[in-house]
Amino acid sequence: MTFNWKYILMHLVFWVLYIILWGVRDMVYAPSFLDTIDGNLIGSAVYAVGVYLNLYALIPGLLLKRKRWLYVVSLASVVILMGVISSLVFTEYYKDVHLPTSEFFASIKGVVTTASDFLVVYGLSTCLYFINEWYHKERKIKELETQTLKAELDLLKGQMNPHFLFNALNSIHVLIRKDTVKAQETLERFSNLLSHQLYDTNKSKISLDQEIQNLNNFILLQKIRHEDHVEVDWKYLGDLEGKFISPMLFLNFVENAFKHSDSKDDEHVKIEILININKSSLEFSCVNTVGNNESNDKNIGLGIANVRRRLDLIYPNKHELVIEKKDGMFSVNLVLQLDED
């Protein structure tokens, strides 16, 4: 288990400041500041239960899920409960220390006072919580913007490099001599692929149908280039209507499979690509043969790292990515929660 020591330190500082500030306030009733520490330590221990119940249960479970009235009722119950519990604790503690103080906390006024003190601590902690959440959200938005731009540039460099353009155009040139109709169809697919990579990558979301058509165009171009050297089994299952996705999440993985085939010129390569669309999720798998002693391609590693980062930023807690290289097979499996219109 990994501890976030910075986060723990922030909470400790909060409670230390609470004890100091309340100690200064209680010096009106106590001989010295040291005489206030024990009572405020007890108070902070009791109030901490209500504070963390609010921060980790009530806010995420009710307030952030728009159950506002239930949150208000629950909070009022916690405030009353904290007032009663803390007054009982102080009543027992001060019996042997200062009887008049014990009698005060045993009264209704004492309950109201402790409940009011808890409200102040609750208010401060809640404000700090939302300030911290706002800070992290703003930082994440800026990071997402930066990473998205970087990912787009890396994708364009990786997919639209002169080598890829040359191979695609050379394949079309050869087809013109053999089959003009097929050459025209291939050129149209190539044009659609370029258009998608130049314009659709600027969008945060595109239809799943568009993304699959782009992937289909890329696979067909690669099949023409590799001819009989590569066997590709590519299909998708399910309903595409009304489903949206961040563009070019799959292309890196598919290109990776074909790059492996480039390094095995004398061997037959098999690639299996499947997209299975469910009601609210998608399963993508790409499996290809690869030599056990094949050296790693830095561009392949960089491309996968970029996709991992994009998934973490765009689909936090909404995806599961597993990449394995085992027994001469390289496999990618991605489960993704889909966005709907």
Side-chain angles (χ1 to χ4, degrees), residues 1-2 147 150-151 154-155 157-161 163-164 167 193 197 208 211-212 214-238 243 245-338:
M1 183 177 179
T2 303
Q147 289 294 333
K150 182 178 182 301
D154 288 335
L155 283 168
K157 290 176 183 177
Q159 315 303 332
M160 305 249 320
N161 55 67
H163 185 256
F164 169 74
N167 286 325
L193 179 65
Q197 294 187 358
L208 184 56
E211 184 66 12
I212 287 181
N214 173 64
L215 194 61
N216 188 56
N217 289 333
F218 181 81
I219 292 171
L220 288 175
L221 285 170
Q222 290 286 11
K223 285 173 68 176
I224 292 171
R225 174 193 165 197
H226 291 280
E227 296 181 338
D228 297 332
H229 174 57
V230 179
E231 178 185 349
V232 182
D233 181 8
W234 147 239
K235 60 184 175 182
Y236 63 89
L237 307 171
K243 295 179 175 63
I245 193 171
S246 181
M248 299 181 72
L249 284 178
F250 310 129
L251 204 57
N252 265 121
F253 299 128
V254 175
E255 186 193 25
N256 179 21
F258 282 102
K259 279 183 178 178
H260 281 304
S261 69
D262 288 338
S263 62
K264 297 160 68 76
D265 293 332
D266 298 328
E267 299 179 40
H268 185 75
V269 176
K270 185 173 182 180
I271 301 173
E272 296 179 0
I273 306 165
L274 171 66
I275 295 179
N276 190 15
I277 303 114
N278 301 310
K279 184 176 180 181
S280 60
S281 65
L282 173 150
E283 298 175 28
F284 167 84
S285 68
C286 182
V287 182
N288 61 276
T289 53
V290 58
N292 290 324
N293 297 321
E294 185 176 319
S295 61
N296 293 325
D297 188 315
K298 291 183 178 179
N299 290 327
I300 290 174
L302 177 61
I304 290 178
N306 285 337
V307 178
R308 282 186 184 276
R309 188 58 180 156
R310 290 183 69 203
L311 286 168
D312 289 339
L313 290 169
I314 302 171
Y315 295 96
N317 303 317
K318 292 184 178 181
H319 77 278
E320 182 179 351
L321 177 63
V322 178
I323 300 176
E324 293 181 319
K325 182 180 177 182
K326 185 178 180 182
D327 299 329
M329 304 296 292
F330 188 90
S331 65
V332 176
N333 290 280
L334 173 65
V335 179
L336 190 68
Q337 298 299 313
L338 290 174

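Keep in mind that this is a model prediction, so the values were computed, not measured. When a residue number appears, it is its place in the shown sequence, counting from 1.
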Discussion item. For a 4.5 angstrom cut-off between non-hydrogen side-chain atoms, does L282 reach L249?
Written reply: no

Worksheet item: Where do M329 and V287 come nearest, in terms of heavy atoms and distance?
Response: CE-CG1, 3.3 Å

Worksheet item: Say you draw a straight line from NZ of K235 to CD1 of I212; how long is it, rounded to the nearest 0.5 Å?
Response: 13.5 Å

Fill in: N216 and Y236: CA distance, side-chain angles, deciding distance, side chain to side chain contact (heavy atoms under 4.5 Å, CB included) verdict
CA-CA 10 Å; N216 188 56; Y236 63 89; over 6 Å; no

Practice prompt. On the 0 to 90° scale, with breaks at 30° and 60°, tag the F284-F250 ring pair as parallel, tilted or perpendicular.
Written response: parallel

Response to the item:
In this structure, CZ of F253 is separated from CG of N333 (nearest 0.5 Å) by 10.0 Å

Worksheet item: What do the steps show when you test Y315 against L321 for side chain to side chain contact (heavy atoms under 4.5 Å, CB included), and what is the final call?
Response: CA-CA 11 Å; Y315 295 96; L321 177 63; over 6 Å; no

Practice prompt. Can you establish whether the number of heavy atoms outside N317 located under 6.0 Å from its atom CG is more than 12?
Written response: no

Practice prompt. Hey, could you give me each pair passing salt bridge (Lys or Arg N to Asp or Glu O under 4.0 Å) that has a residue in residues 268-278? Not counting sequence neighbours.
Written response: K270-E272

Worksheet item: What do the steps show when you test L237 against L274 for side chain to side chain contact (heavy atoms under 4.5 Å, CB included), and what is the final call?
Response: CA-CA 8 Å; L237 307 171; L274 171 66; 4.2 Å; yes

Worksheet, complete the sentence: In short, S281 meets Q337 closest at the heavy-atom pair CB-NE2, 4.0 Å

Fill in: Q222 and V254, any side-chain heavy atoms less than 4.5 Å apart
no

Item to complete: Output the distance between atom CG (L215) and atom CG (L220), rounded to the nearest 0.5 Å.
Response: 10.0 Å

Worksheet, complete the sentence: So CG of L251 and CD of E211: to nearest 0.5 Å the spacing works out to 7.5 Å

Discussion item. Going by side chain to side chain donor-acceptor pair (under 3.5 Å), name the residues that satisfy it together with N276, two or more places apart in sequence or in a different chain.
Written reply: none

Response to the item:
For K279 and K243 the tightest heavy-atom approach is O-CE, 3.3 Å

Practice prompt. Working to the nearest 0.5 Å, report the span between CG of L334 and SG of C286.
Written response: 11.5 Å

Practice prompt. Calculate, to the nearest 0.5 Å, the distance between atoms OG1 and CD1 belonging to T289 and I271 respectively.
Written response: 7.5 Å

Worksheet item: Given L336 and K318, is the side chain to side chain contact (heavy atoms under 4.5 Å, CB included) satisfied, shown in steps?
Response: CA-CA 6 Å; L336 190 68; K318 292 184 178 181; 5.6 Å; no

